2 protein chains.
Amino acid sequence: MKTDTVFKRAFNDALSLVAKLEDGEPLPSENTLSAGLGVSRTTVRKIIAALAAQGAITGAGRRRAVAAARTKLRPFPAAETVSTSAQVENRFMEWMLRDNARPGTTINELELARQFGVATTGIREFLNRFQSFGLIEKRPNAGWVFKGFTARFALELFEIREMFELRSAEAFARLPDSSKLWRQIEALRDEHIVLLRDIDRRYHDFSDLDSRFHRLINSAAPNRFIDGFYDIITLIFHYHYQWNKHDERQRNEAAIGEHLAYIEALLSRDVSIVETACRAHLTSAKETLLRSTAG
Amino acid sequence: MKTDTVFKRAFNDALSLVAKLEDGEPLPSENTLSAGLGVSRTTVRKIIAALAAQGAITGAGRRRAVAAARTKLRPFPAAETVSTSAQVENRFMEWMLRDNARPGTTINELELARQFGVATTGIREFLNRFQSFGLIEKRPNAGWVFKGFTARFALELFEIREMFELRSAEAFARLPDSSKLWRQIEALRDEHIVLLRDIDRRYHDFSDLDSRFHRLINSAAPNRFIDGFYDIITLIFHYHYQWNKHDERQRNEAAIGEHLAYIEALLSRDVSIVETACRAHLTSAKETLLRSTAG
DNA sequence: GGACAGATTTTTCTGTATAAGAAACATCGG
DNA sequence: CCGATGTTTCTTATACAGAAAAATCTGTCC
């Protein structure tokens with residue numbers, strides 16, 4: 001049966017949304033809520049019904065208003081708001097990166113399903129999508145093999161990444177001065193500076209900034225295959241940052257410095273300077289990843 | 001329930017294999033057959049049982065021999081030998097490339113399932129894998145959108161293809177003379193020449209040769225992401241060749257000529273000549289594909 | 001008549017069931 | 001003891017079912 005994580009997450013969001021309203025204030029229309037919560041009106045109605053059942057909303061039809069009781073309601077636990085697919089992704093990445101799964105391990109759908117507490121369907125779906133990330137291989141009628149998060153993987157990944165990024169960075173540098181991307185990259189530079197100032201406390205915020213920075217560069221000359229490739233990078237780095245705590249602050253501080261140099265290079269519009277800065281950053285990113293691979 | 005297409009295909013293969021044996025000759029061992037037919041021994045035993053039931057094999061255990069009746073047996077219809085997933089792929093590619101599906105069309109799992117005569121599970125599995133090919137996009141909880149086999153797609157595809165192929169071709173040209181790839185490419189050159197001689201009759205054999213040629217070049221410096229990208233190319237071209245019959249003979253004849261020039265360039269080991277020949281071929285391949293896109 | 005809510009229809013998501021096929025284990029003949 | 005066959009166990013491929021969520025249709029009120 002389908003899970004109701006969409007409902008639960010939206011319910012929690014609705015709760016904080018409703019908390020901001022005054023006592024007795026009319027509830028926004030179902031369509032407004034639907035747009036605001038990012039779910040269909042059907043789900044909105046289910047949320048309204050649930051809120052009404054618990055006395056957080058009074059009235060019916062077009063005459064609904066929020067009641068005082070709304071602030072006392074308990075949201076659903078966060079664990080119940082994550083979809084099966086997200087859960088599988090999390091657990092699988094954890095198994096792979098944190099538990100340092102061995103190259104050559106065969107992956108058993110049924111066993112993973114039991115281990116993760118989901119049905120085999122969810123596992124299969126994940127593995128099928130994940131296949132294109134180059135870390136697992138399908139043996140038709142005979143399961144999957146984990147190829148290993150190895151040095152070879154990191155090297156192949158970075159060979160492509162360098163090709164793509166140099167191409168995009170160059171395209172970026174050649175953008176006309178009128179392009180709105182120039183303003184965006186300046187804004188991103190400021191974000192880097194703010195983060196750097198507070199690096200001791202906020203160093204784990206770098207992962208997200210990193211992803212946004214590289215995607216912005218790619219957007220100078222969009223290509224769906226490059227975007228798709230960045231999905232791999234983003235996924236790997238997201239989980240890698242999350243679990244590899246060794247020297248994290250220093251690593252991120254250094255990377256911010258490289259980004260800033262890279263941004264300055266872009267702003268200079270000088271392609272050869274851009275190339276140097278880009279290469280420098282990618283090389284150090286590669287070293288970092290290599291250090292945490294299995295052989 | 002699982003289909004028995006593996007059994008049926010292997011049974012048909014076994015039939016032609018057995019036809020080559022003399023009357024009364026002993027049947028090869030189960031392990032030998034297993035290797036020869038590319039299926040497990042379980043399936044081989046099922047095939048032997050079926051053949052025995054129809055009198056094509058006499059004796060049992062270690063004393064099995066082929067009987068005269070073997071030549072009169074009917075193979076299973078070809079349609080029953082293709083797996084659900086292969087069937088879905090076929091039908092979907094047909095829908096996309098031959099029926100010229102409109103960009104922006106929403107894809108309905110249930111409707112496709114009915115249309116293709118399979119369960120929704122099969123459709124979902126295909127779509128999930130196919131997603132990484134850049135032609136469809138998932139809207140969680142709300143189906144899929146077909147992005148269109150458009151000129152933009154072809155251009156983005158060829159931008160990457162050119163990057164990858166130039167890199168691989170250069171690596172190929174720099175291979176030491178001792179590399180066995182030199183002998184392989186010479187063999188491939190000969191295949192091209194043979195095909196060219198008989199082009200009027202065998203022009204549709206080019207698709208396979210094309211794929212093998214480009215994959216050989218990539219193998220000079222293997223990279224899993226490039227291999228994965230070539231899966232896209234191979235799939236698109238396989239079906240494209242299959243259905244776009246316009247000028248097929250001339251197109252393939254011209255492409256063979258380009259390949260031969262490209263191979264000569266590689267054999268010369270001169271990187272700049274290689275680059276020129278590679279670019280020339282890719283440009284003409286791009287033109288061909290562009291001509292058949294939807295807008 | 002246009003935004004809104006109520007009711008209904010579709011469609012996706014995800015669990016379960018089961019045959020086909022692979023793989024591991026056991027046995028036997030020479 | 002080795003290679004073959006017989007037997008058992010385990011895993012994947014695929015159909016099917018039921019609930020959640022989305023989409024659509026319908027009526028109504030300002």
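Numbered from 1 within each chain, the chains take letters A, B, ... in sequence-line order. Owing to the predicted nature of the structure, the values given are computational and were not obtained by experimental measurement.
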Q: Round to the nearest Å and state the distance from B/Glu80 atom CD to D/dT14 atom C1'.
A: 17 Å

Q | Distance-only donor-acceptor test (3.5 Å): side chain A/Arg62, base C/dA5 | A | no

**Q.** First of B/Ser83 and B/Arg64 reached from the 5' end of DNA chain D, by closest nucleotide
**A.** B/Arg64

Q: For this output row, return yes or no: ring centroids of A/Trp95 and A/Phe146 closer than 6.0 angstrom.
A: yes

Q) Looking at A/Thr42, does any N or O in its side chain come under 4.0 Å of the phosphate oxygens OP1/OP2 on D/dA21? A) no

(Q) Mind checking if A/Thr5 touches a base, just sugar-phosphate, or nothing, with heavy atoms under 4.0 Å? (A) sugar-phosphate

Q) What is the distance from CZ of A/Arg114 to C1' of C/dG15, rounded to the nearest Å? A) 15 Å

Q) Which of parallel (below 30°), tilted (30 to 60°) and perpendicular (above 60°) describes B/Phe126 and B/Phe92? A) tilted

Q) Distance check: side-chain N/O of B/Arg124 vs OP1/OP2 of C/dC13, anything under 4.0 Å? A) yes

**Q.** Cation-pi, B/Phe237 ring and B/Arg161 (6.0 angstrom, 45 degrees)
**A.** yes

Q | B/Arg62 side chain to B/Ser29 side chain, donor-acceptor N/O pair below 3.5 angstrom | A | no

**Q.** Under 4.0 angstrom between B/Ser40 side-chain N/O and C/dG21 OP1 or OP2
**A.** no

**Q.** Comparing A/Glu111 and A/Phe7 on DNA chain D - which has the more 5′ nearest nucleotide
**A.** A/Glu111

Q: Would you indicate whether the side-chain heavy atoms of B/Ile233 and B/His214 approach each other to under 4.5 Å?
A: no

Q. Do the side-chain N or O atoms of A/Lys138 get closer than 4.0 angstrom to the phosphate oxygens (OP1, OP2) of D/dA13?
A. yes

(Q) Does D/dA21 have its OP1 or OP2 closer than 4.0 Å to a side-chain nitrogen or oxygen of A/Lys46? (A) yes

Q. At under 4.0 Å between heavy atoms, what does B/Leu127 touch on the DNA or RNA strands: base, sugar-phosphate, or nothing?
A. nothing

**Q.** Presence of B/Thr43 side-chain N/O under 4.0 Å of C/dA22 phosphate oxygens OP1/OP2
**A.** yes

(Q) Between C1' on D/dT14 and CZ on B/Phe116, what's the gap in Å once rounded to a whole number? (A) 17 Å

Q.
Return whichever of B/Asn108 or B/Arg63 has its heavy-atom-nearest nucleotide of DNA chain C closer to the 5' end.
A. B/Asn108

Q) Nearest of C/dG6, D/dC29, D/dA4 to any side-chain atom of B/Ser29? A) D/dA4

Q. Between B/Thr121 and A/Gly61, who's closer to the 5' end of DNA chain C by nearest nucleotide?
A. A/Gly61

Q) Roughly how many Å is it from CD in B/Glu30 to P in D/dG6, rounded to a whole number? A) 6 Å

Q: Send over the distance from A/Glu109 CD to C/dG15 P, rounded to a whole Å.
A: 14 Å

Q. Relative to each other, are the rings of A/Phe149 and A/His240 parallel, tilted or perpendicular (30° and 60° limits)?
A. tilted

Q.
What's the closest nucleotide to the side chain of A/Thr120 if the choices are D/dA15, C/dT16, D/dT5?
A. C/dT16

Q. OP1 or OP2 of C/dA22 sitting under 4.0 Å from any side-chain N/O of B/Arg41?
A. no

(Q) Tell me the interatomic distance from B/Asn141, atom CG, to D/dA19, atom C1', rounded to whole angstroms. (A) 13 Å

Q) CE of B/Met1 versus P of D/dA17: gap in Å, rounded? A) 14 Å

Q: Give one of base, sugar-phosphate or nothing for A/Ile107, where a contact means two heavy atoms less than 4.0 Å apart.
A: sugar-phosphate

Q: Take the protein atom NZ of A/Lys2 and the nucleotide atom P of D/dA19, then report the distance between them rounded to whole Å.
A: 13 Å

Q.
Is there a side-chain contact between B/Thr84 and the phosphate of D/dA15, meaning an N or O under 4.0 Å from OP1 or OP2?
A. yes

